[in-house]
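Below, chains carry the letters A, B, ... as their sequence lines are ordered, and counting in each starts from 1.
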Protein chains: 2
Amino acid sequence: MTKRPRRRSKNVVTMAEVANLAGVSTMTVSNVLNNKPSVLPERRRAVLEAMDKLNYRPNVAARALASAGSIRIGLLYRDVENALLGAMLVGALKASARFGFQLIIRSYDETKPLDDVAAFAVSEIDGLLLPPPLCELVSFSGISAKLSIPMIGLAPGTNLSDIPAVRIDDEVAAYEVTHLLLEKGHRRIGFVKLPGAMVGQTRLAGVQRALAEHGEVLEERFIWEARPIYEAGLALADMVCKMEERPTAILAGSDDIAAAFVNVMHRCGLHVPEDISIVGFDDTPIAVKIWPALTTVRQPLARIAEQATERLIQMIRNPEQYTNDVIYIPHEIIQRASVSERPLQD
Amino acid sequence: MTKRPRRRSKNVVTMAEVANLAGVSTMTVSNVLNNKPSVLPERRRAVLEAMDKLNYRPNVAARALASAGSIRIGLLYRDVENALLGAMLVGALKASARFGFQLIIRSYDETKPLDDVAAFAVSEIDGLLLPPPLCELVSFSGISAKLSIPMIGLAPGTNLSDIPAVRIDDEVAAYEVTHLLLEKGHRRIGFVKLPGAMVGQTRLAGVQRALAEHGEVLEERFIWEARPIYEAGLALADMVCKMEERPTAILAGSDDIAAAFVNVMHRCGLHVPEDISIVGFDDTPIAVKIWPALTTVRQPLARIAEQATERLIQMIRNPEQYTNDVIYIPHEIIQRASVSERPLQD
DNA sequence: CTGAAAGCGCTTACAG
DNA sequence: CTGAAAGCGCTTACAG
């Protein structure tokens, strides 16, 4: 009669139940969960199995309360409209839920990104996820050393000197796509660099490597620059449309730029891909909402974010063994209708 | 020597200190904090004063843990590519972080959405956020009563009979947009219903109400149906293009459908908006990535998700006073170039 | 390497 | 109306 029933909302699986099933103490479960190296491999396996079987999810509130800290991962985003934000959040959320961390998000002001990063870093969080182009901005500004929390870059266009990152290999992606174009017979290729972002340089190197293998070069006059937004693409495409001699294929820096090219080329009286082939980058939704649909490079952003979050959690837990490495995630070349089988004969 | 020092991260003010200063028990502080009516006015004042003096902030983690562990909110999504997912996650994340709840996400299989909802609901979560079209599917299937957790619909196209919801008023939005068209002189208006989704019916009512006020009617032959995706829009637009007599303005059911219309109308030799005006719905990114940019209706999804999450948390905490109400969030008519100043003179 | 015990800051259920 | 006690699910610090 001394027991007091307590409302228990649900069949929530607790650490005790996992411990029970695995035949260990809750301490050991906790150690496994926190990746403490001291646990014997066989026990660890048993615990992980039990967690899996029971579909165990750590209770963030309890963890936060008990550990008095280190449970918050921050993610800064610029804009809710961003087509890639959903995928990044999904990945980050999965990894943080798995480890019982809480994901805290905040938008930043494009006119003072670094200030916002600094303010966010000092006040409320234990680790920071940096999407592009923030990761590059932070890295180039050199403020990362002053920010005293671990951070990691998501899909930067190049390796960062002072911040670890998870990314696709842009150089290889550009190389492969260029190779595809060469195989289809294209020789005169146009390339759109992205300003500021290092991706421009990295991809450019890949394009040049592929061309060099075929004894070709990328002509200076076919290297342009545009911000990766539709409007900038429109302006550039307009200019290209008026050129006397054009490339037979164009590697746009983003799907938005590519979509703008497709649009302008039509208005210009050119057929895509018969007269000119267009390649995008990112495989965002617009890639299949225009005609012809874009051949493009897909970055698996959800996976990138998930891996980056896992890595960040490791860094938060073991600050000493924090190395500045890069994790590569495989990209995918998506072939659709915007690249012709053969180039225009000139 | 029996005391064990415990790391205490900061100079956090606890409830005990407030209770101490106010000369009451922690229980009373808690009661004041939770607005329990039973506390005597003078004590309440003393407690509030102490809280203020010490700058007391309740610890959300402790509160979540103590209040019986109801801390998980689930969100089901179909696809990482969804342009609206980012906004929904941002809103849901903000509200859940504020109350110390955890957001758990999971993707569902389009071929068996109801099974996935049921499985998710029974196993791991305390409340469920239902984005469209899931909220409508769940409501129409009638399974909500069997699912024993609170849930709420995000931006359904109509009020749901058995599930509370946060949404814009589609009828009014459709009314306002139609009104806009009427003001610009349009009389022959085409309308695209979305199949399955109730939005079709609800918006149709708004369109008809506006037309009726001008003594006009929506002609049967100008009411079509299409799924809210680009491809379906293409097929429908093709059909419309071949009609002998066309409306001067079309209310597409989504931006994707509208974008498809714009595309096909061009190929059809018609100018948008001079020959035909097109109105989208949702204000997704594609709205400004085509030419002309779409006049459309914006649903503030981040705000909708945030409000819905707050409401859901209330429902989880007070299951008894759970009413099936609807919270309306203001929408916004975004005027861009796809609607002409005046209709074609026929 | 492992686990029994204490404690994180709050709320619930109860007795007064 | 009020408060002493138990408990939420986890981690820390310690002893074995």
How do A:V39 and A:T26 order along DNA chain C: which one's closest nucleotide is nearer the 5' end?
A:V39

Under 4.0 Å: is that the gap between some side-chain N or O of B:R43 and OP1 or OP2 of D:dT2?
yes

Check the side chains of A:N159 and A:Y328 for a donor-acceptor pair under 3.5 angstrom, ignoring hydrogens and angles.
yes

Provide, to the nearest angstrom, the distance between the CE atom belonging to A:M27 and the P atom belonging to D:dA15.
15 Å

Whether A:N31 side chain and A:V39 backbone form a donor-acceptor pair below 3.5 Å
no

Separation of atom CG in A:N31 from atom C1' in C:dC1, rounded to whole Å
9 Å

Applying a 3.5 angstrom cut-off to the pairing atoms, does DNA chain C sit in any stems of at least three consecutive Watson-Crick or G-U pairs? List them by first number.
C:1-3 with D:14-16, C:5-12 with D:5-12, C:14-16 with D:1-3

Looking at A:E110, I want to see if its CD is surrounded by more than 12 non-hydrogen atoms of other residues, nucleotides or ligands under 6.0 Å.
no

Sub-4.5 Å side-chain heavy-atom contact between A:S107 and A:R78:
no

Check this one for me: any side-chain N or O of B:T28 less than 4.0 Å away from OP1 or OP2 of D:dG3?
yes

Whole angstrom value for the distance that separates C1' of C:dT2 from CZ of A:R44:
14 Å

Thinking salt bridges, do B:D325 and B:R311 make one under a 4.0 Å N-O criterion?
yes

Is the closest side-chain heavy-atom distance between A:L75 and A:P131 below 4.5 Å?
yes

Taking atom C1' of D:dT2 as reference, at what distance in whole Å does atom CE of B:M15 sit?
15 Å

Rounded to whole angstrom units, what separation is found between the CD atom of B:E17 and the P atom of C:dC10?
9 Å

From CD of B:Q102 across to P of D:dG9 the rounded distance in Å is 14 Å

What is the distance, rounded to the nearest whole Å, between atom NZ of A:K36 and atom C1' of D:dC14?
15 Å

Between C:dT11 and B:S30, is there an OP1 or OP2 to side-chain N/O distance shorter than 4.0 Å?
yes

Would you kindly give the CG-to-C1' distance between B:L54 and C:dG9, to the nearest whole Å?
15 Å

State, with a plain yes or no, whether a side-chain heavy atom of B:L93 is found less than 4.5 Å away from one of B:V90.
no

